[in-house]
Amino acid sequence: MDVLELKKLGNEAFAAKEYEKAISYFTQAIDKNSNDHLLFSNRAAAYAMIQKFEESLNDAEKTIQIKPDWAKGYSRKGAALHGLGKLQEAINAYTTGLSFESNNEALLKSKEECEVQLLKDTEAKTDVIIISELLIPLTKDSTIENAIIDWQLVEKLINWYKENSVTRIIALTKQSEAYYLPQHLRLEFAKFVIEKCKDKQINVTLFASGNTIEELNNVIQELSNLNPISIAICPSELLNENNSFEQWQFTVNQILNHSVNVNFCLLDNHSQSCTTEKFEWAAKSGRFKMIFDYPTNINTMKQNINVVLNSHIDCYYINNTIPLFLESLQTISGSNRVGISGPATNTVLTLLFWICKCYRTRLNQSILIQRFFTIADRVIRNKYPNSTKQFLSMYPVFEGTFALNSLNPNSNLNQINDIELIEIEHLIDALKFVLFELSNDGLHVSLDNKTVKNTTLPSTNSNNSNNSNNSNN
């Protein structure tokens, strides 16, 4: 029999689902003509149907070698790689095929299925911690002499975190409200947060501060009695900015030795305080569950991440600088011991969850979101926390509920002027635009209280062999 007859018999056997027989006919034809790309393509499809994906991949590669500008060759290669579980390589193959035939429906569908599956696999493996920094809403009647916490709004915030899949928060950080609250009210706030979060399965880290070692240790003792998951400390607040590493280490040991049964987090946010040397010592000490970083450049951040990840201790690196968030995710190489905190966790939760889960499979969209983060960070940090309260007041779920007063004696530093208000309004518009762009890509997220957890994506075909057009030529 000649090549054409063998090819015809192979196609008939394939149509009858007699794949072994089809492979035999195509092999005989290839023995007679090893330069026919259609024969290798057809045999690749037959191999894929009987789950012999390595053999299918070899034939797909041969198909491409003979005819590199033929889209179906890349379709065969993508299907074989998908069958082997190499989803990203399969996506790359489909993308190359689309460069030759951009409207090929089989390629588009197969690529989308791989992206969905890779996204699901990534979601299962990625557990980037998002630690929301809990605001302390005050009533409109609050004054510096008489602070009144809006307890109803605190509970509303906690409920919002829960609806947005937040599982960790940090409370009593050194924002203006917390810093100027009297100690008895700080303790009352901590108790309230712990109690409300307990029912919602949200883990709480409480921030302890004091002007002396003795005062700080007493605060730690009071807070530890509330059973938070951990207590955050900032040792450098007890020292001047030019302290030596030895002075810093001595101060930290005084704190750790006083509370041997407490899980600590290190939150050293003074200028020049978050050195790699301190990161390495803290990570190896085994006493810190999380180390918060305020990186000012990519190289230092990467050094600190690697120090934490190489410590082989159950310690997490937490990035508080959102303009470098995507870079930190790309540095972790699949580790789940990295997280994000800071003001952005109160303003762009939806996008934070999305980028944590999708940055490997949706790089272009992730870059778009990261650019938005960089702009948002400057606006939100400008007069934090009032800038954040103003931002949230424009959310449907919090519309107009935050009082923009402050306990800071320099309250003029926290007042939002007209220009800053316009900037925040524009930021809201930009957020809506980013969400709209994502929805155009089939990723449905909303502004109020729905996160990527509720994203609707196309269903994935369970049969790998059907990921491409299986018709033969």
Side-chain angles (χ1 to χ4, degrees), residues 129-143 146-181 185-207 226 228-229 340-354 376 379-380 383-407 414 416 421 424-425 427-428 431-432 435 445-454:
I129 297 176
I130 295 178
I131 306 174
S132 289
E133 192 172 288
L134 180 61
L135 296 167
I136 302 180
L138 304 173
T139 67
K140 294 179 180 179
D141 300 325
S142 288
T143 63
N146 183 30
I148 306 173
I149 294 176
D150 188 335
W151 298 108
Q152 185 176 358
L153 190 48
V154 174
E155 187 168 5
K156 192 171 186 178
L157 269 169
I158 293 171
N159 290 336
W160 183 64
Y161 292 142
K162 179 63 177 178
E163 290 170 356
N164 275 276
S165 304
V166 170
T167 59
R168 295 175 184 243
I169 65 172
I170 182 168
L172 295 174
T173 52
K174 293 194 70 174
Q175 53 185 261
S176 58
E177 290 93 343
Y179 191 78
Y180 293 101
L181 283 178
L185 197 52
R186 288 166 61 92
L187 190 60
E188 185 179 352
F189 179 78
K191 288 178 180 178
F192 183 87
V193 172
I194 290 286
E195 184 62 32
K196 294 299 179 181
C197 288
K198 187 184 301 180
D199 296 337
K200 295 175 174 58
Q201 297 180 318
I202 298 176
N203 293 321
V204 180
T205 293
L206 296 175
F207 183 88
L226 302 178
I229 189 172
I340 183 72
S341 189
T345 57
N346 277 314
T347 52
V348 289
L349 269 176
T350 299
L351 294 180
L352 282 173
F353 273 100
W354 187 92
V379 176
I380 296 303
K383 289 186 177 177
Y384 183 76
N386 274 354
S387 52
T388 298
K389 291 180 178 180
Q390 181 65 64
F391 186 97
L392 285 178
S393 289
M394 298 178 182
Y395 264 53
V397 68
F398 291 117
E399 188 171 0
T401 54
F402 283 93
L404 301 182
N405 48 13
S406 174
L407 303 183
N414 291 299
I416 307 296
L421 180 60
I424 294 172
E425 289 173 346
L427 188 61
I428 287 285
L431 175 57
K432 291 177 180 178
L435 295 177
V445 287
S446 61
L447 181 62
D448 47 13
N449 65 341
K450 302 299 180 186
T451 68
V452 73
K453 182 182 75 170
N454 298 319

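Count residues from 1 along the sequence.
- The shortest side-chain heavy-atom distance between W151 and E188 falls under the 4.5 Å cut-off.
- L427 CG to Q390 CD: the interatomic distance, rounded to the nearest 0.5 Å, is 11.5 Å.
- Residues N146 and I148 meet the side-chain proximity criterion, which asks for heavy atoms closer than 4.5 Å.
- Distance alone, capped at 3.5 Å, places no donor-acceptor pair between the S132 side chain and the I169 backbone.
- Taking a 6.0 Å sphere around CD of Q152, one finds it holds 12 or fewer heavy atoms contributed by other residues, nucleotides or ligands.
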Please report the C-alpha distance between F391 and I416 in whole Å, then the side-chain angles of each, then the deciding distance to 0.1 Å, and finally whether the side chain to side chain contact (heavy atoms under 4.5 Å, CB included) criterion is met. CA-CA 11 Å; F391 186 97; I416 307 296; over 6 Å; no
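- Screening L172, D150, V154 against I136 for a side chain to side chain contact (heavy atoms under 4.5 Å, CB included) leaves a single residue, L172.
- Contact annotation: the side chain of L187 approaches that of K191 to within less than 4.5 Å [non-hydrogen atoms, C-beta and beyond].
- Remark: K200 NZ is packed, more than 12 non-hydrogen atoms of other residues, nucleotides or ligands lying under 6.0 Å away.
- Rounding to the nearest 0.5 angstrom, the gap separating the OG1 atom in T347 from the OH atom in Y384 is 9.0 Å.
- The shortest non-hydrogen separation linking L352 to A344 is CD1-O, 3.8 Å.
- Relative ring orientation between F398 and W160 is described as perpendicular, the plane-to-plane angle rising above 60° on a 0-90° scale split at 30° and 60°.
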Would M394 and L421 count as a side chain to side chain contact (heavy atoms under 4.5 Å, CB included) here? Give the steps. CA-CA 11 Å; M394 298 178 182; L421 180 60; 3.7 Å; yes
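- Nearest heavy-atom pair across P137 and L135 is CD-O, 3.3 Å.
- A distance of 9.0 Å separates CG of N386 from CD1 of I424, quoted to the nearest 0.5 Å.
- A pairwise comparison of heavy atoms in T345 and Y161 identifies O-CE2, 4.5 Å as the closest pair.
- For the atom pair I428 CD1 and E425 CD, the distance stands at 9.0 Å (nearest 0.5 Å).
- The only option from V204, I229, I202 that meets the side chain to side chain contact (heavy atoms under 4.5 Å, CB included) definition with I194 turns out to be V204.
- The nearest pair of heavy atoms linking F353 to V166 is CZ-N, 3.9 Å.
- A donor-acceptor pair is defined here as one N or O able to donate and one able to accept, closer than 3.5 Å; such a pair exists between the side chain of S341 and the backbone of I131.
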Between N346 and E133, does a side chain to side chain contact (heavy atoms under 4.5 Å, CB included) hold up when you go through it step by step? CA-CA 7 Å; N346 277 314; E133 192 172 288; 4.2 Å; yes
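- Considering only heavy atoms from C-beta on, K389 stays 4.5 Å or farther from L392 through its side chain.
- Of all non-hydrogen atoms in V193 and A171, the two that sit nearest each other are CG1-CB, 4.5 Å.
- Distance CG/L134 to CD1/I158: 6.0 Å, rounded to 0.5 Å.
- Formation of a donor-acceptor pair under 3.5 Å by the S387 side chain with backbone atoms of I380 is found in this model.
- Summarising the geometry, atom OG1 belonging to T388 is positioned 13.5 Å from atom NZ belonging to K383; distances are rounded to the nearest 0.5 Å.
- What you find for S142 and A147 is that their closest heavy atoms are OG-C, 3.9 Å.
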